[in-house]
Enquirer: 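Below you will find the structure I want to go over with you.
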Amino acid sequence: MEKSTFEQMGGTYRQEGNYLLPNLTVPERVSIGIWGQRRRQYLRGHRKALYNALLLSGKLDNHLADINQQAEDMFFQLVKQMAEQEGITEQLKTDSQMEWVGQMNNIRSAAEEIVNTEIMFA
């Protein structure tokens, strides 16, 4: 009997009653995160060819995980640097919480825009 294409590629079968079922495993999913999800939405809506190429080659999840890690690292580094430049300290947080929250929200928004421009929409 001639081997199936699945067997020629190294696949094996197992007997279940009267049926031969292929021994398949599901690849482990990579954690994507919020930045990866945003990148996926961008690719799906604005870069369809790249999205489809990554999806069909099986590289989409790894790409999204890499983007997520890069964006997260850049975001936290920018927030830290901008807070230091603006002189936002733990002392300000203790003395005037609302002012600290407002300034940190402004910094986080600015950092998010930078990350979007530099990484997400590139």
Side-chain angles (χ1 to χ4, degrees):
M1 182 174 202
E2 188 177 323
K3 285 187 173 184
S4 68
T5 305
F6 180 68
E7 289 175 309
Q8 291 173 5
M9 295 176 62
T12 58
Y13 293 95
R14 69 180 183 281
Q15 184 83 31
E16 293 282 333
N18 292 332
Y19 300 100
L20 287 175
L21 300 176
N23 293 321
L24 300 175
T25 58
V26 178
E28 190 174 313
R29 298 275 318 199
V30 178
S31 177
I32 294 173
I34 189 69
W35 295 103
Q37 292 173 18
R38 290 177 184 172
R39 175 69 172 178
R40 180 187 299 149
Q41 284 180 314
Y42 170 73
L43 291 176
R44 198 181 285 161
H46 301 283
R47 306 276 306 271
K48 291 179 183 181
L50 177 58
Y51 175 80
N52 287 328
L54 289 168
L55 181 63
L56 294 173
S57 68
K59 297 178 182 177
L60 180 63
D61 285 347
N62 289 333
H63 170 75
L64 296 175
D66 290 344
I67 290 293
N68 186 68
Q69 188 63 47
Q70 290 174 20
E72 198 171 278
D73 292 345
M74 184 179 193
F75 177 77
F76 287 121
Q77 183 179 5
L78 284 169
V79 167
K80 183 180 176 184
Q81 288 174 352
M82 293 168 97
E84 287 174 1
Q85 287 176 349
E86 296 292 323
I88 301 172
T89 62
E90 290 297 315
Q91 184 64 39
L92 177 62
K93 184 178 181 180
T94 304
D95 295 342
S96 178
Q97 290 179 353
M98 292 307 290
E99 182 180 345
W100 181 85
V101 167
Q103 289 184 7
M104 286 304 292
N105 283 344
N106 288 339
I107 287 173
R108 290 175 65 85
S109 294
E112 187 174 328
E113 284 300 316
I114 293 170
V115 170
N116 284 339
T117 303
E118 297 292 323
I119 295 177
M120 302 305 291
F121 307 136

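Worth saying up front: this structure is predicted, and the values here are computed from it rather than measured. Keep in mind that the numbers below use all heavy atoms, side chains included, and drop hydrogens, waters and symmetry copies. Numbers for residues simply follow the sequence, beginning at 1.
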Enquirer: Can you tell me how far the CG atom of L50 sits from the CG atom of L43, to the nearest 0.5 Å?
Expert: 5.0 Å

Enquirer: Under 4.5 Å between any side-chain heavy atoms of N116 and W35, yes or no?
Expert: yes

Enquirer: Check whether any side-chain heavy atom of K93 sits under 4.5 Å from a side-chain heavy atom of M104, and report yes or no.
Expert: no

Enquirer: Can you give me the closest heavy-atom contact between A111 and V79, atom names plus distance?
Expert: CB-CG2, 3.8 Å

Enquirer: Tell me whether I34 is reachable from L78 by hopping between hydrophobic residues (I, L, V, M, F, W, Y) whose side-chain heavy atoms are closer than 4.5 Å.
Expert: yes

Enquirer: Give, for atom OG1 of T94 and atom CH2 of W100, the distance between the pair rounded to the nearest 0.5 Å.
Expert: 10.0 Å

Enquirer: Can you tell me how far apart CD1 (I114) and OG (S109) are? Round to the nearest 0.5 Å.
Expert: 11.0 Å

Enquirer: Checking Y51 now: which residues fulfil ring pair (Phe, Tyr, Trp, His ring centres under 6.0 Å) with it, not counting sequence neighbours?
Expert: none

Enquirer: Give a yes or no on whether L56 and L64 share a hydrophobic cluster (residues Ile, Leu, Val, Met, Phe, Trp, Tyr; joining criterion: side-chain heavy atoms under 4.5 Å apart).
Expert: no

Enquirer: Cluster question for you: counting only ILVMFWY and a side-chain heavy-atom cut-off of under 4.5 Å, with indirect links fine, are Y42 and M120 together?
Expert: yes

Enquirer: Side-chain heavy atoms nearer than 4.5 Å, only ILVMFWY residues, links allowed to pass through others: does that put V30 and L60 together?
Expert: no

Enquirer: Keeping to residues at least two apart or across chains, list the salt bridge (Lys or Arg N to Asp or Glu O under 4.0 Å) pairs with something in residues 72-87.
Expert: none

Enquirer: Just jot down the side-chain hydrogen bond (donor to acceptor under 3.5 Å, both in side chains) partners of E90, sequence neighbours excluded, or say none.
Expert: none

Enquirer: I'd like to know if L24 and Y13 are part of one continuous hydrophobic network [Ile/Leu/Val/Met/Phe/Trp/Tyr, side-chain heavy atoms within less than 4.5 Å].
Expert: yes

Enquirer: Does either side chain, that of Q103 or that of E99, offer a donor lying less than 3.5 Å from an acceptor on the other one?
Expert: yes

Enquirer: Could you measure the distance from the CZ atom of F76 to the CZ atom of R108? Nearest 0.5 Å is fine.
Expert: 6.5 Å

Enquirer: How would you list, by chain and number, every residue that makes a salt bridge (charged side-chain N to carboxylate O under 4.0 Å, His left out) with R38, sequence neighbours excluded?
Expert: E112

Enquirer: Compare every heavy atom of I119 with every heavy atom of M74, then report the nearest pair and how far apart it is.
Expert: SD-CD1, 3.5 Å

Enquirer: Report the distance from atom NZ of K59 to atom CG of D66, rounding to the nearest 0.5 Å.
Expert: 11.5 Å

Enquirer: Side-chain contact, heavy-atom cut-off 4.5 Å: R39 with N68?
Expert: no

Enquirer: Does any N or O in the side chain of T117 come within less than 3.5 Å of the main-chain N or O of E113, such that one atom is a donor and the other an acceptor?
Expert: yes

Enquirer: Between atom CD1 of I67 and atom CD1 of I32, what is the distance when rounded to the nearest 0.5 Å?
Expert: 12.0 Å

Enquirer: With sequence neighbours excluded, what pairs up with S57 under the side-chain hydrogen bond (donor to acceptor under 3.5 Å, both in side chains) test?
Expert: none

Enquirer: Indicate the atoms forming the closest heavy-atom contact of S31 with A65, along with that distance.
Expert: O-CB, 3.8 Å

Enquirer: Kindly write out the residues that satisfy salt bridge (charged side-chain N to carboxylate O under 4.0 Å, His left out) with E16, not counting sequence neighbours, or none if the list is empty.
Expert: R14

Enquirer: If I compare all heavy atoms of R47 with all of A122, which pair ends up nearest, and what's the gap?
Expert: NH1-O, 3.4 Å

